[in-house]
Amino acid sequence: MMTAEAEKKILPYNFKRPRLFSQDQMRVLHYVHEAFARDLSVYLSAQLRTLVDIGLSAIDQVLYSEFVMSSAPPSALYVVDVHPLHQKIVLELDPRLAIFTVEKLFGGPGIFLRKPRELSQIERRIMDKVMMRAFRELEKAWKQIHEIHLEEAGFESNAEFVQILPGVEPALVATFEVSIYEQRSFINICYPYILLERILGHSAMKQWRSSSTTEVPPAVRQRYEEQLEKNRGGAARRDGPHPDQAQRADDARSRRRARAGAPGKSTRPGVHRRT
């Protein structure tokens, strides 16, 4: 059992592709995208008049070429400019989800297609308004860390035509699972590493930590300190004297017994002093 527990703590590490994000940074990324998923879920539920559940599935560090290969055409890829950092991100939407959204907005029953197809020009114009709101929600989620402004720069149905950075450059992909009528769909957001490196800088992390912790009022702090002092005093009385104090008390008792011994007798047993 001890061996099994030790094996659980061992994680594989790829030296060819080191982890570029610390635990604190990954915690921030989860916090931001979970907030985005909640807000977007509320908006789509109100617009489509049905329950839309959006949850963050995973945040993975990949190469940009891997993200391109994982996106099977036809798809709905929105290239987004990030101001004022002068970088681009890619927001990938399942085309079946986009077509379902358009149908529901026009009062239709909303049926998920078995096979995805490309969006028409009219469907793209309608989805542009929905995506603008999605961009605003993503801006609001990032605002506590770094204030950014998102603006659509292009649309593609094939990821091979979207080259926001070289294929060998690292990127981070946030994957969301969308559930509607027991039908499952997805949304992906691909960030270049160089963009997140600037957003998740030391100053931004420090600001997030300070804003995420609330200051304790002085009265409450004083009450906590008084209670801790009482608990510390009670623990000292229950535990008895310190070991050093007990040792010194034993030494003092031994010296008193030695001084109070009968004269003419040795302190060692079995040995008598000659008179």
* Structure fact -> Taken to the nearest 0.5 Å, the spacing of Glu66 CD from Cys190 SG works out to 10.5 Å
* Asked: Given side chains that start at C-beta, do those of His83 and Ile148 come closer than 4.5 Å, heavy atoms only?
  -> no
* Asked: Is it the case that Tyr193 and Gln61 place a side-chain donor and acceptor less than 3.5 Å from each other?
  -> no
* Asked: Can any side-chain N or O of Ser45 pair as donor or acceptor with the backbone N or O of Val52 at less than 3.5 Å?
  -> yes
* Kindly compute the distance separating OH (Tyr181) from CD1 (Ile111), expressed to the nearest 0.5 Å. => 10.5 Å
* Asked: Closest approach of His33 and Ile59, non-hydrogen atoms and distance?
  -> ND1-CD1, 4.1 Å
* Step by step, work out the side-chain contact (heavy atoms from CB on, under 4.5 Å) result for Leu91 and Phe135. => CA-CA 10 Å; Leu91 196 150; Phe135 298 157; 4.1 Å; yes
* Asked: Do Leu196 and Phe21 come within less than 4.5 Å of each other through their side chains, counting heavy atoms only?
  -> yes
* Asked: Does some side-chain heavy atom of Tyr64 sit less than 4.5 Å from a side-chain heavy atom of Val162?
  -> yes
* Does Met132 share a hydrophobic cluster with Leu93, counting links as ILVMFWY side-chain heavy atoms below 4.5 Å and allowing steps through other members? -> yes
* Asked: Heavy-atom count around Glu147 CD within 6.0 Å, excluding the residue itself: above 12?
  -> no
* **Residue pair Lys104 / Leu48: nearest heavy atoms and the distance that separates them** => CE-O, 3.2 Å
* For side-chain contact (heavy atoms from CB on, under 4.5 Å), just list the numbers for Gln47 and Val130, CA-CA rounded to whole Å, side-chain angles, deciding distance to a tenth of an Å, and then say yes or no. => CA-CA 9 Å; Gln47 292 296 314; Val130 178; over 6 Å; no
* Asked: Tyr31 versus Gln144: any side-chain heavy-atom pair under 4.5 Å?
  -> yes
* Taking atom CD of Glu225 as the centre, report whether more than 12 heavy atoms of other residues, nucleotides or ligands fall under 6.0 Å from it. => yes
* **In one Ile/Leu/Val/Met/Phe/Trp/Tyr side-chain cluster, 4.5 Å: Leu20, Val168** => no
* Look at the aromatic rings of Phe112 and Phe100 and report parallel, tilted or perpendicular, splitting at 30° and 60°. => parallel
* Derivation and outcome, side-chain contact (heavy atoms from CB on, under 4.5 Å), residues Val178 and Gln183 -> CA-CA 8 Å; Val178 184; Gln183 296 287 336; over 6 Å; no
* Asked: Quick check: does any side chain N or O of Arg198 sit under 3.5 Å from a backbone N or O of Leu85, one acting as donor and the other as acceptor?
  -> yes
* **Arg136 side chain to Met131 backbone, donor-acceptor under 3.5 Å** => no
* Asked: Does the Asp60 side chain pair with the main chain of Val62, one donor and one acceptor, at a distance under 3.5 Å?
  -> no
* Distance, nearest 0.5 Å, that separates CZ of Arg38 from CG of Leu56 -> 10.5 Å
* Find out whether Leu77 and Ser71 are in side-chain contact, i.e. whether some heavy atom of one side chain is under 4.5 Å from a heavy atom of the other. => yes
* In terms of heavy-atom contacts, does CD1 of Ile194 have more than 12 from other residues, nucleotides or ligands at under 6.0 Å? -> no
* Start with the C-alpha distance between Ile187 and Glu92, add both sets of side-chain angles, then the distance that settles side-chain contact (heavy atoms from CB on, under 4.5 Å), and finish with yes or no. => CA-CA 6 Å; Ile187 298 174; Glu92 180 185 8; over 6 Å; no
* **Glu139/Lys143 under salt bridge (charged side-chain N to carboxylate O under 4.0 Å, His left out): CA gap, chis, key distance, verdict** => CA-CA 6 Å; Glu139 290 174 3; Lys143 188 174 182 180; over 6 Å; no
* **Donor-acceptor under 3.5 Å (Thr101 side chain, Leu97 main chain)** => yes
* Asked: Are the side chain of Glu123 and the backbone N or O of Ser120 linked by a donor-acceptor pair below 3.5 Å?
  -> yes
* Asked: Quick one: CG on Asn188 to CD1 on Ile89, what's the gap to the nearest 0.5 Å?
  -> 12.0 Å
* Polar contact flag, side-chain donor to acceptor under 3.5 angstrom, Asp53-Ser179 -> no
* Checking salt bridge (charged side-chain N to carboxylate O under 4.0 Å, His left out) for the pair Asp128/Arg125: CA distance, chi angles, key distance, verdict? -> CA-CA 5 Å; Asp128 284 345; Arg125 286 183 176 274; over 6 Å; no
* To do: Would you give the length of the straight line joining atom CG of Asp39 to atom CG of Leu138, rounded to the nearest 0.5 angstrom?
  => 10.5 Å
* To do: State yes or no: do Leu40 and Leu51 share one hydrophobic cluster built from I, L, V, M, F, W and Y residues joined by side-chain heavy-atom distances below 4.5 Å, directly or via other members?
  => no
